[in-house]
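The structure appears below as structure tokens.
In each ligand, atom 1 is the first atom listed, and ligand 1 is the first ligand listed.
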Amino acid sequence: MENQLNILVIGSGGREHALVNKCLESPICKKVIAAPGNGGMAQLIECFPTSVEDIPGIVALAKSQSIDFVIVGPEVPLCLGLVDALADENILAYGPKKDGAELESSKTFCKNFFKKYKIPTAEYQSFTAVEPALDYLKSHPAPIVVKASGLAAGKGVIIAQTNKEAEDAVRSMILDKTFGESGSEIVIEECLVGEEVSIHAIVSGETFLCLSPSQDHKRIGEGDTGLNTGGMGAYAPTSALSKEMQVVIEKTILLPTIHGLIAEGIQYNGTLYAGLMLTESGPKILEYNVRFGDPETQVLLPLVEDDFVQLLYTSARNLPLPAEINLSSDKCMTVVIASDGYPGAYPKGEPINMPEVLPENTQIIHAGTLLDSTDQILSNGGRVLTVTSRGDSIKETAQTIYSVCDSIDYKSKIFRRDIAHREIKRSN
Ligand code: AMP
Ligand code: GLY
């Protein structure tokens, strides 16, 4: 089994750079390539300019490069049926097929699934017309949550603090199509209160393994203020989730999900990323994603002491996962460096200077970057780099990371200085 697999990683973010790093250290990997990749990946491996939405293009690339195993990073190709298309050509891939990916591509499907299998979640109702939705709001006053049912890159959720805000959200999603077809169906749900954490599980049919519980920081501004983003920093494990609570979540949320998928005739092989709210009446699930989180991947993968690629490959072959996963007891944290303006418009093409030497156990992972013909790294996206480090103290790990963030130099650099603030407070 040594050095056997030619692997293709799909995607271009920090998540995929972290996955490539794991492939490069895996004994079962012979060669790894990426599509479309980014500047950091291009410094390590060959990258091909195929878009993540170009399903026939990816299948053709996998065939022409004699790929044995494809690891799919983002949700879009999963929801478009990439894994199904690869299976038709007998190419193994990590990630669910289109039917399983519906847990992420349709919030209505996901919420109906929770209801059917008695999985604790916020009370809700789905709508495709404005009037019944406005009627529902009359008996369910603010604060209330209005969501586009389809994919909206994390932006299709309005937490309405007033009834007017909720009504406006309904009208703008259904009538003005602010989220395009993704908002032609909406979900209105109860606003849950509590601390938010996530659990990522690798699933292979009836078996699953949980990675360390993590906490993301979705807002752009310090103190969790301002617009929602893809995530500005994360850390794991989070002590907000006790071992006992994790057992409750496995029993009341993950296991019923796995049994429900089987009952629906959906063979699920891939990641289940559960976004959870720890409410006064117990943990409730906000949503599932069917891929690894970004930037969560950057903190989860360094803590896995087993051959991570072997675990993904086991899942892709629908074989049982081992009973246990070996996770480091270190704290791992990552801070996202973005370009000023993100999550709105931001400049691109700025040269980035990076430190030559990094502290121990510290990495700069690339997200929106490009390697130009002179081998200069340029900014090329909203989230540009993530700086990741691990150690036995979250406070010291944060200090190490921020010293690296300060030493990275480009014109529009911004980052939050308070990542892991809750954990640092708890550790004092
Ligand atoms: P989602 O895309 O469904 O994860 O929602 C994005 C963010 O909105 C979540 O990470 C939560 O912070 C927040 N959110 C979503 N649903 C609810 C809810 N029912 N109650 C409170 N906050 C929510
Ligand atoms: N960091 C949030 C996500 O990946 O959905």
Side-chain angles (χ1 to χ4, degrees), residues 11 13-16 18-19 72-76 78-79 103-111 114 120-126 140 142-161 166 169 173 179 182-183 186-200 211 214-220 224-236 238 240 271-281 283-301 334-336 338 342-343 365 367 382-383 386 416 419 422:
R15 166 182 49 211
E16 289 78 19
L19 286 164
V72 188
E75 63 277 16
V76 169
L78 296 170
C79 298
L103 277 180
E104 179 161 354
S105 65
S106 166
K107 289 197 194 291
T108 298
F109 172 85
C110 189
K111 295 291 287 190
F114 293 155
T121 189
E123 287 298 318
Y124 75 101
Q125 203 151 311
S126 299
H140 295 81
I144 188 109
V145 182
V146 182
K147 299 183 175 184
S149 179
L151 293 181
K155 291 176 192 150
V157 175
I158 307 288
I159 313 219
Q161 298 299 340
M173 284 186 198
F179 299 106
S182 290
I186 61 167
V187 173
I188 302 184
E189 67 178 41
E190 170 196 8
C191 189
L192 298 177
V193 180
E195 187 151 357
E196 212 177 321
V197 297
S198 8
I199 295 225
H200 284 66
L211 305 181
S214 60
Q215 192 160 54
D216 190 10
H217 300 68
K218 291 225 166 102
R219 304 294 195 93
I220 186 72
D224 299 311
T225 54
L227 294 175
N228 251 326
T229 69
M232 294 302 292
Y235 70 92
T238 172
T271 306
L272 273 179
Y273 154 0
L276 303 156
M277 192 76 95
L278 305 177
T279 75
E280 270 184 2
S281 56
K284 294 192 178 175
I285 182 152
L286 292 173
E287 63 157 3
Y288 271 126
N289 295 308
V290 298
R291 36 82 194 171
F292 292 114
D294 188 345
E296 289 90 331
T297 306
Q298 291 88 308
V299 295
L300 296 177
L301 271 45
T334 197
V335 172
V336 172
Y342 175 77
I365 294 174
R383 294 191 293 175
T386 80
R416 272 180 66 166
I419 301 304
R422 292 183 196 82

- prompt: With a cut-off of 4.0 Å, which atoms of ligand 1 are near a heavy atom of Glu189?
  reply: 16 (N), 17 (C), 18 (C), 19 (N)
Qualifying residue for side chain to side chain contact (heavy atoms under 4.5 Å, CB included) with Gln298, from Leu19, Thr386, Val336, Val335: Thr386
field: Ligand-side contact atoms (ligand 1) for residue partner Cys191, heavy atom cut-off under 4.0 Å
entry: 20 (N), 21 (C)
- prompt: Taking the minimum heavy-atom distance to atom 3 (O) of ligand 1, which of Lys147, Glu190, Lys218 ranks first?
  reply: Lys147
message: One pair to check against ring-ring contact (aromatic ring centres under 6.0 Å, His included): Tyr288 and Phe109. What are the steps and the verdict?
response: CA-CA 11 Å; Tyr288 271 126; Phe109 172 85; over 10 Å; no
task: Could I get the full list of salt bridge (Lys or Arg N to Asp or Glu O under 4.0 Å) partners for Glu196, not counting sequence neighbours?
output: Lys218
query: By salt bridge (Lys or Arg N to Asp or Glu O under 4.0 Å), which residues pair with Arg291, not counting sequence neighbours?
result: Glu75, Glu104
query: What are the atoms of ligand 1, with element, lying closer than 4.0 Å to any heavy atom of Met277?
result: 21 (C), 22 (N)
Backbone N/O of Gly293 and side chain of His200: donor-acceptor pair under 3.5 Å: yes
statement: Heavy-atom closest pair (Gly14 atom, Ile365 atom, distance to 0.1 Å) is O-CG2, 3.4 Å
task: Search all heavy atoms of Ala18 against all heavy atoms of Thr297 and return the closest pair with its distance.
output: CB-CG2, 4.1 Å
- prompt: If you count only heavy atoms, which residues are under 4.0 Å from ligand 2?
  reply: Asp216, Lys218, Gly230, Tyr273, Asn289, Arg291, Gly293, Asp294, Pro295, Glu296
message: Please determine whether any non-hydrogen atom of Gly275 lies less than 4.0 Å from an atom of ligand 1.
response: no
message: Using the rule side-chain hydrogen bond (donor to acceptor under 3.5 Å, both in side chains), only one of Glu189, Glu287, Gln125 pairs with Lys111; which is it?
response: Glu189
message: Under a 4.0 angstrom heavy-atom cut-off, which atoms of ligand 1 come close to Ile159?
response: 8 (O), 13 (C), 14 (N), 22 (N), 23 (C)
field: Region of Val157 engaging ligand 1 - heavy atom pairs below 4.0 Å
entry: side chain
field: With sequence neighbours excluded, residues passing salt bridge (Lys or Arg N to Asp or Glu O under 4.0 Å) with Glu123
entry: none
